[in-house]
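Heads up: the structure comes next, in structure tokens.
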Amino acid sequence: DVHDRATKTMTAEEQAESAAHRMVPGDPKSNLAIPGEALWKTCLNMSSRIKFGKRSAAPFYASGFAILEPSIDLGITKYDILSKACRVPPRTGALVVKHRPQINKWKASFHVNVDTRVFNLTNPNDTRKEVQKTIEDSGVFIGLLDNSPRLKGPHGKFKVTKLVEV
């Protein structure tokens, strides 16, 4: 991978900044962000563990659930650097140290669009409860981005503190 070859000559700070997601890409003074697609994929991964009757809920979430923001602003600009040994390429490659941004405390708010016709649950309130539980569980069991529980890591977990229906 070309990016992996380029990171060999970067300092830990440069490598972490190159992996940081920003509201304005490439601007280190811009707020840090979560890519909306990363949060959507986290929820989609969680939905594959859920059943609607005998069927997986994943196809319903894939077509009827969307995170509306392309980037979710975290309201902060600074992060710690997490340095971790990993294999490049995974499983078979050389052991190298990768440096990634680590954010210990953060808050975010975002909008979700749910097409209740796709979920086709009898009671619309059941759809709301199901989606809320999926988002909450995805923060515990799947997590966001690098080194998350999905990848057998301890980072990237989150909890939902408030859900408002608009």
Side-chain angles (χ1 to χ4, degrees), residues 1 3 16-82 84 86 90 98 100-166:
D1 180 283
H3 182 68
E17 184 58 38
S18 75
H21 299 280
R22 299 262 181 199
M23 289 303 290
V24 179
D27 179 3
K29 293 180 181 170
S30 164
N31 282 350
L32 292 162
I34 299 167
E37 185 176 1
L39 181 58
W40 179 79
K41 284 183 178 178
T42 295
C43 294
L44 188 62
N45 282 333
M46 186 67 224
S47 72
S48 68
R49 299 177 180 194
I50 300 167
K51 300 283 185 213
F52 287 167
K54 292 183 180 182
R55 299 179 61 195
S56 167
F60 298 97
Y61 276 84
S63 60
F65 175 89
I67 305 295
L68 298 181
E69 292 82 0
S71 292
I72 301 164
D73 193 339
L74 297 179
I76 55 175
T77 59
K78 298 189 185 313
Y79 54 81
D80 294 327
I81 296 176
L82 172 68
K84 186 176 178 227
C86 59
K98 290 280 195 172
R100 296 285 183 254
Q102 179 179 333
I103 306 165
N104 294 316
K105 290 218 176 238
W106 55 274
K107 280 195 223 180
S109 65
F110 55 91
H111 297 90
V112 175
N113 185 23
V114 177
D115 187 340
T116 53
R117 296 170 304 163
V118 172
F119 284 85
N120 199 22
L121 296 174
T122 327
N123 182 346
N125 199 32
D126 290 345
T127 301
R128 183 188 187 289
K129 287 178 185 173
E130 188 63 46
V131 168
Q132 179 174 350
K133 183 169 177 13
T134 301
I135 296 170
E136 290 170 350
D137 288 352
S138 67
V140 174
F141 299 112
I142 307 294
L144 286 165
L145 304 171
D146 292 344
N147 207 26
S148 62
R150 171 182 62 90
L151 301 170
K152 299 179 178 76
H155 304 290
K157 291 183 176 186
F158 63 91
K159 70 178 180 178
V160 176
T161 56
K162 185 174 165 183
L163 186 70
V164 178
E165 190 170 346
V166 288

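All values derive from a computational prediction rather than experimental measurement. Sequential numbering from 1 along the given sequence is applied to the chain's residues.
Listed for the S48 side chain is no donor-acceptor partner under 3.5 Å among the backbone atoms of A58. A donor-acceptor pair under 3.5 Å links the side-chain atoms of R22 to the main chain of S30, judged by distance alone. Looking only at distances, no side-chain donor or acceptor of S148 sits under 3.5 Å from a matching main-chain atom of G156. Formation of a donor-acceptor pair under 3.5 Å by the W40 side chain with backbone atoms of P35 is not found in this model.
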Where do D137 and R49 land on the side-chain contact (heavy atoms from CB on, under 4.5 Å) test, with the steps shown first?
CA-CA 10 Å; D137 288 352; R49 299 177 180 194; over 6 Å; no

What's the verdict on side-chain contact (heavy atoms from CB on, under 4.5 Å) for T134 and E130, showing C-alpha distance, side-chain angles and the deciding distance?
CA-CA 6 Å; T134 301; E130 188 63 46; 4.0 Å; yes

Determine whether F158 and W106 satisfy the following criterion, side-chain contact (heavy atoms from CB on, under 4.5 Å), listing intermediate values before the conclusion.
CA-CA 9 Å; F158 63 91; W106 55 274; 3.7 Å; yes

Show the numbers, then the answer: is there a side-chain contact (heavy atoms from CB on, under 4.5 Å) between D80 and N104?
CA-CA 8 Å; D80 294 327; N104 294 316; 3.0 Å; yes

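Between I72 and A108, the shortest heavy-atom contact is CG2-CB, 3.6 Å. Residue V118 comes nearest to S63 through the heavy atom pair CG1-OG, 3.4 Å, listed as atom of the first residue, atom of the second, then distance. F65 approaches C43 most closely through the heavy-atom pair CE2-CB, 3.7 Å. Shown here for K105 and I76, the closest heavy-atom pair between the two residues is O-CD1, 4.0 Å. When all heavy atoms of E17 and P28 are compared, the pair lying nearest together is OE2-CA, 3.8 Å. Shown here for L32 and A20, the closest heavy-atom pair between the two residues is CD2-CB, 4.0 Å.
If you take CG on L145 and CD on Q102, they are separated by 12.5 Å, rounding to the nearest 0.5 Å. Here the CG-OG distance, from L39 to S71, works out to 11.5 Å after rounding to the nearest 0.5 Å. Within the model, atoms CE of M23 and OG1 of T77 stand 13.5 Å from one another, a figure rounded to the nearest 0.5 Å. Rounded to the nearest 0.5 angstrom, I142 CD1 and I135 CD1 are separated by 13.5 Å. Taking CD of E69 as the start and CD1 of I34 as the end, the distance is 10.5 Å to the nearest 0.5 Å. Summarising the geometry, atom OH belonging to Y61 is positioned 10.0 Å from atom CG belonging to L44; distances are rounded to the nearest 0.5 Å.
Remark: E136 pairs with Q132 by the side-chain hydrogen bond (donor to acceptor under 3.5 Å, both in side chains) rule, at least two apart or across chains. Applying the side-chain contact (heavy atoms from CB on, under 4.5 Å) criterion to D146, with sequence neighbours excluded, gives R100.
We find that K29 and D27 are not joined by a salt bridge, their nearest charged nitrogen and carboxylate oxygen being 4.0 Å or further apart.
Taking a 6.0 Å sphere around NZ of K51, one finds it holds more than 12 heavy atoms contributed by other residues, nucleotides or ligands.
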